[in-house]
K.L.:
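Input: one structure, supplied below.
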Amino acid sequence: MSMDLPSGRVLVTGALGQIGTELVEALRKKHGHEAVIATDIRKAEGCQILNVMEKEEINTLVVEEQITEIYHLAALLSATGEKNPELCWDINVTGLENVIAAAKENNARLFSPSSIAVFGPDCPKRAPQITPLNPTTVYGKTKVVGEKLARTSGIDMRGIRYPGLISYKAPAGGGTTDYAVEIFHNALENGHYECFVREDTKLPMMYMDDAIRATIELMDIPFEQLSESRGGYNISGCSFTVGELVRSIQRHLPDFTCTFNPDIRQQYADSWPDEIEDDIAVKEWGWKPKFNLDRIVDEMITNLKK
Ligand code: NAD
Ligand code: AKB
């Protein structure tokens, strides 16, 4: 198992998504532009095509590019995943197994995100790090498998149970927490948003800057310092209801209105915790968020207006 900190080249899968768009930027700043190979199943400038279902192609790329660190972001999120559970399992579990195989064969370190979707309705509303994981969604189940693989695969593999992520550089990718991104675009473009979960729905959320910093900080910690929780650390950002989000947006846009028309995503949201207990991440690698609700709203409105 590799116990060293990175000194080689970095591969990112799913690089054109909500997280990849900003993580690639941050990794290129850290390691240099040429050292970071961005890949996705979709085509874009500066990004190579790589389908994570193609095991041999992943291995060939890792060998040819002398990859020593992989950030595996290719996945289907909860809302898209529940519409096509078999595809969700294939991409999220088989795709991850393919990436683990390439990492193992080439002694590369691996970051693979988990999610607050690992928790189920039996979890306390303030979710502890260590608690039974009984998610109701297929998406959540794939993330529980990912965390288990982090403990059993025999490689240096790490992850974070990201909360819902809020950002302005790329659209949210088909999750339940997408309302917390869509609401800003609708507020600015139409002055109105019809939300697909109830006003009192409260979920753990985080601004993308915090999430990217957490990812890089976690990967910088010596392996020996991390415990069995390394496959999916709880990290907290801030928790708020949609009503609180609306009122914070109205500080900038007093005429903004929001109506509520819950759909199937309400059930997924109701099965997840309201808040996250992140004592283990704080203790093991010093996690501390910087953005609260009002600061996130200020950043989102200012940047989207630009
Ligand atoms: P996203 O949907 O925005 O991006 C995923 C990317 O993967 C897309 O660009 C897509 O084209 C690509 N992709 C899909 N199938 C692929 C395949 N077969 N091969 C290669 N690429 C493929 O997702 P995201 O929000 O950037 O999430 C990245 C990771 O973080 C996922 O594992 C997700 O579960 C996790 N996560 C995200 C959030 C969030 O709020 N964004 C929260 C918790 C966990
Ligand atoms: C989703 O809503 O599916 C994601 C997540 C919390 O994993 N944002």
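Note that ligands are numbered from 1 as they come in the structure, with each ligand's atoms numbered from 1 the same way. No experiment lies behind these values; they were computed from the predicted model shown.
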K.L.:
Let me know which of Thr259, Asp255, Asn186 forms a side chain to side chain donor-acceptor pair (under 3.5 Å) with His192.
P.N.:
Thr259
K.L.:
What are the atoms of ligand 1, with element, lying closer than 4.0 Å to any heavy atom of Asn51?
P.N.:
17 (C), 18 (N), 19 (N)
K.L.:
Out of all atoms in ligand 1, which are within 4.0 Å of some heavy atom of Arg42? Include the element for each.
P.N.:
8 (C), 9 (O), 11 (O)
K.L.:
Which residue holds the protein heavy atom closest to atom 34 (O) of ligand 1, what is that atom called, and what is the gap in Å?
P.N.:
Tyr139 OH, 2.6 Å
K.L.:
Using a strict threshold of under 4.0 Å (side-chain N to carboxylate O), is an ion pair present between Asp278 and Arg161?
P.N.:
no
K.L.:
Identify the closest protein heavy atom to atom 19 (N) of ligand 1: which residue and atom is it, and at what distance?
P.N.:
Val52 N, 3.0 Å
K.L.:
Measure from atom 44 (C) of ligand 1 to every heavy atom in Cys88, Ser114, Ala44, Pro113 and give the option owning the shortest one.
P.N.:
Ser114
K.L.:
Would you indicate whether Lys148, at its atom NZ, is surrounded by more than 12 heavy atoms from other residues, nucleotides or ligands within a distance under 6.0 Å?
P.N.:
no
K.L.:
Any salt bridge linking Asp274 with Lys202? Criterion: basic side-chain nitrogen under 4.0 Å from a carboxylate oxygen.
P.N.:
no
K.L.:
Could you say whether the N/O atoms of Ala74 and ligand 1 ever approach to under 3.5 Å?
P.N.:
no
K.L.:
Please state which option from Gly17, Gly146, Pro163 has its nearest heavy atom closest to atom 42 (C) of ligand 1.
P.N.:
Pro163
K.L.:
Would Lys143 count as being in polar contact with ligand 1, using the rule that some N or O on each side must be under 3.5 angstrom apart?
P.N.:
yes
K.L.:
If the threshold is 4.0 Å, N to carboxylate O, is there a salt bridge linking Arg265 and Asp178?
P.N.:
no
K.L.:
Can you find an N/O atom of Ile19 closer than 3.5 Å to an N/O atom of ligand 1?
P.N.:
yes
K.L.:
Should the pair Arg251-Asp294 be classified as a salt bridge under the 4.0 Å nitrogen-to-oxygen rule?
P.N.:
yes
K.L.:
If every non-hydrogen atom of Ala75 is compared with every non-hydrogen atom of Asn92, which pair is closest and at what distance?
P.N.:
CA-OD1, 3.4 Å
K.L.:
Between Arg9 and Glu34, is the closest basic N to carboxylate O distance under 4.0 Å?
P.N.:
no
K.L.:
Do Thr176 and Ser78 pass the side-chain hydrogen bond (donor to acceptor under 3.5 Å, both in side chains) test, and can you show the C-alpha distance, the side-chain angles, and the key distance before you say yes or no?
P.N.:
CA-CA 6 Å; Thr176 302; Ser78 56; 2.8 Å; yes
K.L.:
What residue and atom, counting heavy atoms only, is the protein's closest point to atom 23 (O) of ligand 1, and at what distance?
P.N.:
Leu77 CD1, 3.4 Å
K.L.:
Hydrophobic clusters here meaning ILVMFWY residues chained together by side-chain heavy-atom distances under 4.5 Å, can you tell me if Trp89 and Ile41 are in one?
P.N.:
no
K.L.:
So which bit of Leu50 gets within less than 4.0 Å of ligand 1, heavy atoms only: side chain, backbone, both or neither?
P.N.:
backbone
K.L.:
Distance under 4.0 Å, heavy atoms only, partner ligand 2: which residues pass?
P.N.:
Leu77, Ser78, Ser115, Ile116, Tyr139, Gly175, Thr176, Thr177, Trp272
K.L.:
Ignoring hydrogens, just give me the one of Ser112, Gly173, Gly140 whose non-hydrogen atom is nearest atom 2 (O) of ligand 1.
P.N.:
Gly173
K.L.:
Looking at Asp210 and Arg213, is there a salt bridge between them, counting it only when a charged N and a carboxylate O are closer than 4.0 Å?
P.N.:
yes
K.L.:
Could you list the atoms of ligand 1 found under 4.0 angstrom from a heavy atom of Ala75?
P.N.:
5 (C), 7 (O), 31 (C), 32 (O)
K.L.:
By number and element, which atoms of ligand 1 are closer than 4.0 Å to a non-hydrogen atom of Ser115?
P.N.:
43 (C), 44 (C)
K.L.:
Check this for me: does any side-chain nitrogen of one of Arg230 and Asp156 sit under 4.0 Å from a carboxylate oxygen of the other?
P.N.:
no
K.L.:
Give me the residue, atom name and distance of the protein heavy atom closest to atom 3 (O) of ligand 1.
P.N.:
Gln18 N, 2.8 Å
K.L.:
With respect to Asp40, determine whether any N or O atom, backbone or side chain, lies less than 3.5 Å from an N or O atom of ligand 1.
P.N.:
yes
K.L.:
Any chance CD of Gln225 has more than 12 other-residue heavy atoms, nucleotides or ligands included, within less than 6.0 Å?
P.N.:
yes
K.L.:
Any side-chain donor paired with an acceptor under 3.5 Å for Glu284 and Ser227?
P.N.:
yes
K.L.:
Using the side chain to side chain contact (heavy atoms under 4.5 Å, CB included) rule, pick out the option among Val181, Leu188, Ile183 that qualifies with His185.
P.N.:
Val181
K.L.:
Considering only non-hydrogen protein atoms, determine which one is nearest to atom 28 (C) of ligand 1 and report residue, atom name and distance to 0.1 Å.
P.N.:
Leu73 O, 3.2 Å
K.L.:
Which atoms from ligand 1 have a heavy atom of Ile41 less than 4.0 Å away?
P.N.:
11 (O), 13 (N), 16 (C), 17 (C), 18 (N), 19 (N), 20 (C), 21 (N), 22 (C)
K.L.:
Could you tell me whether Leu165 and ligand 1 have an N or O pair separated by under 3.5 Å?
P.N.:
yes
